[in-house]
Structures are given as structure tokens and as C-alpha cells.
Amino acid sequence: MTMSLLIKNTLSPRAGKVLVGMSSKMRRPSGRMFSIQDSLPRLPVPQLDVTLQKYLRCITPLCTAEEFKKTQKIVEEFRRDPGPKLQQLLEQRAQKNINWLSDWWKNLAYLEVRSPVPINSNPGVIFPRQNYSGTDSMITYAAKIVSGALDYKKMIDSGDLPVEQLGGKPLCMMQYYQILNGCRIPGEKIDSHVCFPPTSENPPRHIIVIHNNQFFSLDVHSSDGKLLNEDQLRNQLKNIVNQSQQVAPALGILTMWDRPSWAKTYNKIIQDKHNKKLMEDIQRSIFVLCLDKSRPDLSQEEARIFAAEQMLHGGGSQLNSANRWFDKTLQFMIGSEGTSGLNYEHTTAEGPPIAAMMDHILTYCEKNTGPSSPAGGMSDARKLDFTLNNDILDDIEKAKEATEKFIHSVSVRVFTYSGYGKNFPKTQKLSPDAYIQTALQLAYFRLYGKTCATYESASLRRFQLGRTDTIRSCSIDSLNFTRAMDDSSLTNSVKADLFRQAVLAHRKYTDETINGRGIDRHLLGLKLSALEANLDVPELHKDPSYSQAFHFKLSTSQVATHHEGVMVFGPVVPDGYGLCYNPQETKIHFGVSTYTSCPDTDSNKLGVALMKSFDDLRDLLASTPQAKL
Ligand code: COA
Ligand code: HC5
């Protein structure tokens, strides 16, 4: 296949810039990874009537009868005007662009958002705990992880990754191409993102290593162009650790700050030409490796929470929050007490490509027993000696203060349910994902006596440049079931039937969504079409039912891995939960987060309630083997 243009989709006037190296063109390698890319379908615009009808169904369990009546009227009005006009504008956009949604989404969901990126946007992934302790072992394991990541990079660079599939259909592989060599850059109004792909002129050859808040640039290639082997990497990392025994000013904490504040300080930093070059070193690097402080004195349970915090936000400026560059698309963290994991900046990719990379790295670490043949001469790591004047140091202190508050506002818990995994729902001929989501609805209902708008990420990667849409897990069917489950006047057989019905409804909604017939992005597209045409925001989008429907107290996502990874991300509303789950064949791992400022949420309680739901559902289904619909 010849090299062809990539990324180019549309240039919306409001778009935050996605800069690609020094040129506006990005090429992709030949190889099987992109073999079907151009034949993938384009994201369709759903039919207006269908979306509006579905919208009314979705808000039914969320609003009162009176609110529903009002909304029904607003929807009818919208169906006549301005709905059709906006639909037409959206269809025109879809004609002109490979993907009508992806640029809008990149800006709206990421680059325009002004709150700090960690917790709010960047997810953390906790790798399985290793049985080692001490700095030397940390360095040895870090060298393995780096080596595994570079091994994966080879496949990305050559375009040799197999095309990922979902439900037997091929997926767009563009995201894989943007998880390395990339970085977000703060802007006062809107951020930008840079990516230096392997096909660009002079592609990146180095990683950034951070230890004790000090930054080093490490070329991971030898003079003959080969990748450094594990021994060489270990020696280099050892040298870096030896050179950075003192804790440096907390420069990295700035990437935890709100974006406008960080952007102001960033502009001050890069006024110095040398600093600007160093910033570019970070932005251009393949990825960041953080060699972290650890706490050896923790119980097993405390260590799990520590690890979750380490990956999500670094645990505060005294621990590892300044030993980070949260703008970097990918950073690995390794601690001295067996903890490791990663954090990634979300602008260019969803969880599955990151999860696939994690699996590759961990398999590599397990299999790889010794170093490959030594590469040629290598250059020593270079310390990035930023010049930080008093003004910048003051900003760092302010960012520290804000960060401490921010970090303490979040509670995160990690769970592993060992009763069963995907295997049990499968024996019941039920979709495991839909089963888990319905169990979560039950857990929430049991805690609150009501339901809430629930978001589950659905992949749109069946389409070119596809990102996500929403599976609305709270449905009329899920509420029918959750209300019935603890009703002692109903038989188990009735409850099991209602459960199955809810699971089927969820799976049907999933199928519609991943095939481009979701309602959330469509409704968003209609609103943005109005704004771009200088029309008023439609009444439909100003209606309290709409706000209610988009106030996702449960923000959830499934990211599956073969290895025992647990993922965590923050809630999207102050009174909500973030919940990421990893269903394996015989276990379900999940991470839950809440804001401590909200007296009504409790990450531990929700986790425990979810595990009880899993137990109770198994018992329910086991007691009603004849259950039929
Ligand atoms: N009976 C028996 N088995 C069934 C079944 C049934 N009724 N329904 C599904 N299964 C099987 C599937 O064949 C599949 O088998 P596998 O384990 O061999 O692959 C397995 O159960 C899982 O299917 P299911 O649980 O239905 O979910 P899914 O894998 O189709 O995933 C989503 C559902 C929503 C998670 C997926 O469509 C998606 O969008 N994933 C991406 C989400 C994402 O991007 N998250 C990160 C955002 S940053
Ligand atoms: C490694 C786990 C990453 C999961 C991240 C994720 O699910 O992000 C969602 C992206 C999207 O577009 O649905 C957003 N969410 C965290 C708010 C669910």
C-alpha cells in the first residue's frame, strides 16, 4: 500500500490545532495494520425521528410524568423546527468530512476543557503487582517495561499490528498510531496537541525519564540505530537515578493545574529559548517513564489504593504528583515496592489501544528472560536543566496548593470480584457486558432507591476515525428489573425474566450504538450545527430533562485486558461515580472513584454493593434455570 494522508478530516473554524510534527501532513506506514482502513464505512448521521423517539424512551426512567409531558412537547416542536434544518446541516457536514464527529469531539471532550487533565480526563491503569522491593529491582523492572513498550512500538512503526476486531468486524486503527510520540500543550483558551509519527521527518528516538522531579532525555537507540537492550537500559536508568538523588522543584506539578493557569506559566517558561527546546524534548519524546517514590509500610489493601492513586494522580506533591508530565500521551510509572502502571492523556485515543499495549508489555516481561544482542555505542542520558525564575517558582507553589486540594477531593477504590467473570453470563446465554451494567443498575438502586443517568463508553471505531458514543445503561427495562429485584411479593422467576429482559435491552442498545445509531453524539451534533450556523441553542437542549439526561452520576467504561489490569478515572459530575471495569473469564476487576466533597457518594459502598449484586444475580439465575422470556 502506498503512503497516504492521514488524520486529515476537517478544519472546523473552532478547532483546536492538532499539529503533526513540523508539517500538517501525517503519513501512515504500509503494513497490515491499515490494510482495510480506507474501506471502513463512514460514520452515518442517524435518522432524526428515530433519535427523538429513543431520546424520549431514555428520559422516561429519569424524570417525573409532568417533566416528561413538557419534554414531549418540546421534542414535537423540535421535530418540526429547527430539527430538520439542523439535520440537513449535519448531513452536509457528514458529506464533507471523513468523520463528522471526530474533530468536534476532540475539541469539546478534550482540548477545550479547562479543568486539570488528571482525574478529570487522564485515566490510570494499575499493572499486576510484582514481587520485588528496592531501587535496583525497580530499575530492572522499569528496563523491562521500557523494552516491552519499544517492542510494541516496532509493530506500530512498521504497521504490523493486526487489525483489531469488535464483534467480528474490523476497527479503525488510527488511535494506535497516536499513543506514542505525542503530547498535549496548554493554551489559555484551548489546548493543542502534537504528534510526531514514525513516518515524519526525523522521528523521535528518545524517552523522558523523571526521577525526584528531575527530567532526563534518554536516546533509546544506539549509534547503529538498534534499540538498546534491557541491560543497556538498566545501566542508563541506574545512571539517571544516581544523578538525581536530590528532589528538584516540582515543575511537573504544573501539568496537574487547571489549563488556563498552566498555559500562562507555560508561556512564561518558554520565553527562555533553552527552556523552549527542553519543552519540545518532552513533547517529542516517545513516552515518559516515571521512577516513583513508594511506601513500604502499607497493608495489601492500602497498597492497592496507593497504586490506584499513584497511577491516577501521583498521590500529592510530596509523593509523585510532580514526578509526572500529565500532558504526555503516555507515561509509565514504576515504584520501588512492586507497583507499576500507566497514565495516559486521552485526546487522541481510547482505552483499548492502551490496554492492548499493556498486554503486550506484560507478556513481554513474563517471557523475556535475557537481553538481546547488545546494541552499539550509546549516548548518556541528558538532564533537562530548565531555568525557572522566581515568578515561575511562585506559580509552582500555587499549582502545588491547588493540586493538594484537588487530590484530596477524590476517593478511589479498587476491587476484584472472584465469584465469576464473563464465563457465568455466557453460560446463561447473556452478554457479559450487559449483565455487568445491569448489575450496576441494581447496586445503584439499592443504595439510592432510584436510578440515574448512566454513561457507558461505546466504541465507534467500526467507522473511519471513530471515537465513542454513549450506551445509556439506565433504561425502562433496567428500572423495571431493579424495582422488582428486592420486592418480596414477586417470584424469582419473574425477577429473572425481568433481569434477562433488561440485559437484552442493554445489548440491543449497544449494538445500535456501535453501529452508529446512538443518540448522544447525534443530539450533540444537532446542537453544534445550530451554533456553527449562528442559530440559537434549540429549546430541546435547554430543557431540564436534557440536563438531567446528561448529568451522568454513573460514568462507566469497559476496558478488557488479558493480564490483571485495573483502570481508574474520575467521576464526571460532583455527585457521581467513575467506574471502569475489566471483565476477565473468571474475575471482574474494577476501579471506583468519587469526590469526597459529596456526602452522598461513597466509592467503597458502591463497590461492595456491586459485588453483592453479582452474588445475588448468580443465585437468582441459579434458582430459576427454566427462566424464559
Ligand atoms: N451468550 C453467550 N456469549 C455472549 C453473549 C450471549 N448472549 N453475548 C456476548 N457474548 C460473548 C461475546 O461473544 C464475547 O465473547 P469473547 O469473550 O469470546 O470475546 C463476550 O461474550 C463479550 O461480549 P459482551 O460482553 O457482549 O461485550 P463486547 O465485548 O461486545 O463489548 C462494549 C461491549 C460496549 C464494551 C464494546 O462494544 C465496546 O464498545 N468496547 C469499547 C469500549 C471503550 O472504548 N472503552 C474505553 C473508552 S476510553
Ligand atoms: C484505561 C481505561 C480508560 C477508560 C477511559 C474512558 O472510558 O474514557 C471515556 C471516553 C469516552 O469517550 O467515552 C470517558 N469516561 C471516562 C468519562 C467514561
Side-chain angles (χ1 to χ4, degrees), residues 101-102 105-106 108-110 113 117 119-127 164-169 171-172 175 179 311-312 330 341-359 421-438 454-462 466-473 500 503-504 506-516 518 520-521 524 550 552-562 565-573 576-586 588-591 593:
L101 175 64
S102 55
W105 187 247
K106 195 176 282 178
L108 250 148
Y110 301 107
V113 179
V117 289
I119 303 169
N120 294 313
S121 183
N122 291 23
V125 181
I126 309 149
F127 292 178
E164 199 185 334
Q165 302 220 336
L166 180 61
K169 296 238 172 90
L171 299 181
C172 171
Q175 296 185 12
I179 55 182
M311 306 317 154
L312 188 62
L330 186 62
L342 63 84
N343 182 284
Y344 84 93
E345 200 288 311
H346 214 317
T347 302
T348 49
E350 261 65 66
I354 304 287
M357 179 179 227
M358 165 193 144
D359 270 331
K422 289 194 283 188
N423 55 351
F424 178 66
K426 283 184 187 173
T427 62
Q428 296 293 314
K429 303 212 167 14
L430 293 170
S431 146
D433 183 71
Y435 182 110
I436 293 168
Q437 285 287 336
T438 311
T454 306
Y455 179 112
E456 180 191 354
S457 301
S459 176
L460 287 182
R461 286 177 48 217
R462 281 187 178 174
R467 298 297 303 257
T468 60
D469 203 335
T470 312
I471 303 165
R472 292 185 162 268
S473 314
R500 286 172 181 277
V503 172
L504 285 178
H506 185 93
R507 185 61 233 187
K508 179 167 174 278
Y509 198 105
T510 299
D511 281 329
E512 289 168 2
T513 311
I514 61 175
N515 285 307
D520 285 47
R521 304 297 184 263
L524 174 73
F550 282 80
F552 292 111
K553 287 194 186 174
L554 285 174
S555 167
T556 77
S557 186
Q558 177 194 138
V559 181
T561 57
H562 296 298
V566 192
M567 293 86 183
V568 281
F569 50 72
V572 294
V573 293
Y577 292 90
L579 192 147
C580 196
Y581 53 98
N582 177 3
Q584 298 190 301
E585 221 37 46
T586 58
I588 304 167
H589 307 283
F590 56 102
S593 65

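Numbering of ligands and ligand atoms starts at 1, following listing order. As the structure is a prediction and not an experimental result, all values here were calculated from the model.
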Are any of the protein's heavy atoms under 4.0 angstrom from atom 19 (O) of ligand 1, yes or no? no

Under 4.0 Å and counting heavy atoms only, is there anything from the protein next to atom 12 (C) of ligand 1?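 So atom 12 (C) of ligand 1 lacks protein heavy-atom neighbours under 4.0 Å.
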
Any donor-acceptor pair under 3.5 Å linking the side chain of [X] with the backbone of [Y]?
X: Gln584; Y: His562; result: yes
X: Asn122; Y: Asn343; result: no
X: Ser557; Y: Glu456; result: no
X: Asn582; Y: His589; result: no
X: Gln558; Y: Ala560; result: no

Numbered atoms of ligand 2 (with element) below 4.0 Å of [X], judged on heavy atoms:
X: His346; answer: 5 (C), 6 (C), 8 (O), 9 (C), 10 (C)
X: Val125; answer: 1 (C)
X: Pro123; answer: 3 (C), 5 (C)

In this structure, does ligand 1 have an atom that sits under 4.0 Å from one of the heavy atoms of [X]?
X: Gln428; result: no
X: Thr510; result: yes
X: Pro352; result: yes
X: Ala434; result: no
X: Glu456; result: yes

Going by the atom numbers of ligand 1, which of them fall below 4.0 Å from some non-hydrogen atom of [X]?
X: Ile471; answer: 34 (C)
X: Ser457; answer: 42 (C), 45 (N), 47 (C)
X: Lys429; answer: 1 (N), 6 (C), 7 (N)

Write out the residue and atom name of the closest protein heavy atom to [atom], then the distance separating them to 0.1 Å.
atom: atom 39 (O) of ligand 1; answer: Ser459 N, 2.8 Å
atom: atom 12 (O) of ligand 2; answer: Thr468 OG1, 2.6 Å
atom: atom 7 (O) of ligand 2; answer: Ser557 OG, 2.7 Å

Selected option - heavy-atom contact closest to [atom], from [options]:
atom: atom 17 (C) of ligand 2; options: Ala349, Ser555, Ala109; result: Ser555
atom: atom 17 (O) of ligand 1; options: Lys426, Glu350, Arg461; result: Lys426
atom: atom 4 (C) of ligand 1; options: Leu430, Thr513, Asp511, Thr468; result: Leu430
atom: atom 25 (O) of ligand 1; options: Leu504, Asn423, Asp469, Asp433; result: Asp433
atom: atom 29 (O) of ligand 1; options: Val503, Leu166, Ile354; result: Leu166

With a 3.5 Å cut-off and no angle check, do the side chains of Thr513 and Asp469 form a donor-acceptor pair?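 Looking only at side-chain atoms, Asp469 and Thr513 do not form any donor-acceptor pair under 3.5 Å.
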
Taking N or O atoms only and a 3.5 Å limit, does Tyr455 qualify as a polar contact for ligand 2?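 Looking only at distances, the answer is yes, because the N/O contact criterion of under 3.5 Å is met.
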
Before signing off on this row, confirm whether Tyr344 and ligand 2 have an N or O atom pair separated by under 3.5 Å.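 In this structure, Tyr344 places no N or O atom under 3.5 Å from an N or O of ligand 2.
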
Let me see the working for Glu350 and Arg461 under salt bridge (charged side-chain N to carboxylate O under 4.0 Å, His left out), right down to the final yes or no. CA-CA 10 Å; Glu350 261 65 66; Arg461 286 177 48 217; over 6 Å; no

Note: Pro432, heavy atoms under 4.0 Å from ligand 1, region reported as both

Answer with side chain, backbone, both or neither: which part of Val559 has a heavy atom less than 4.0 angstrom from an atom of ligand 1?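 Contact part for Val559 vs ligand 1: side chain (C-beta onward).
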
Do we get Arg472 above Phe550's six-membered ring, with its NZ or CZ under 6.0 Å from the centre and within 45° of the axis? yes

Residue-level breakdown please: for Val572 versus ligand 2, do any non-hydrogen atoms fall below 4.0 Å on the side chain, on the backbone, on both, or on neither? side chain

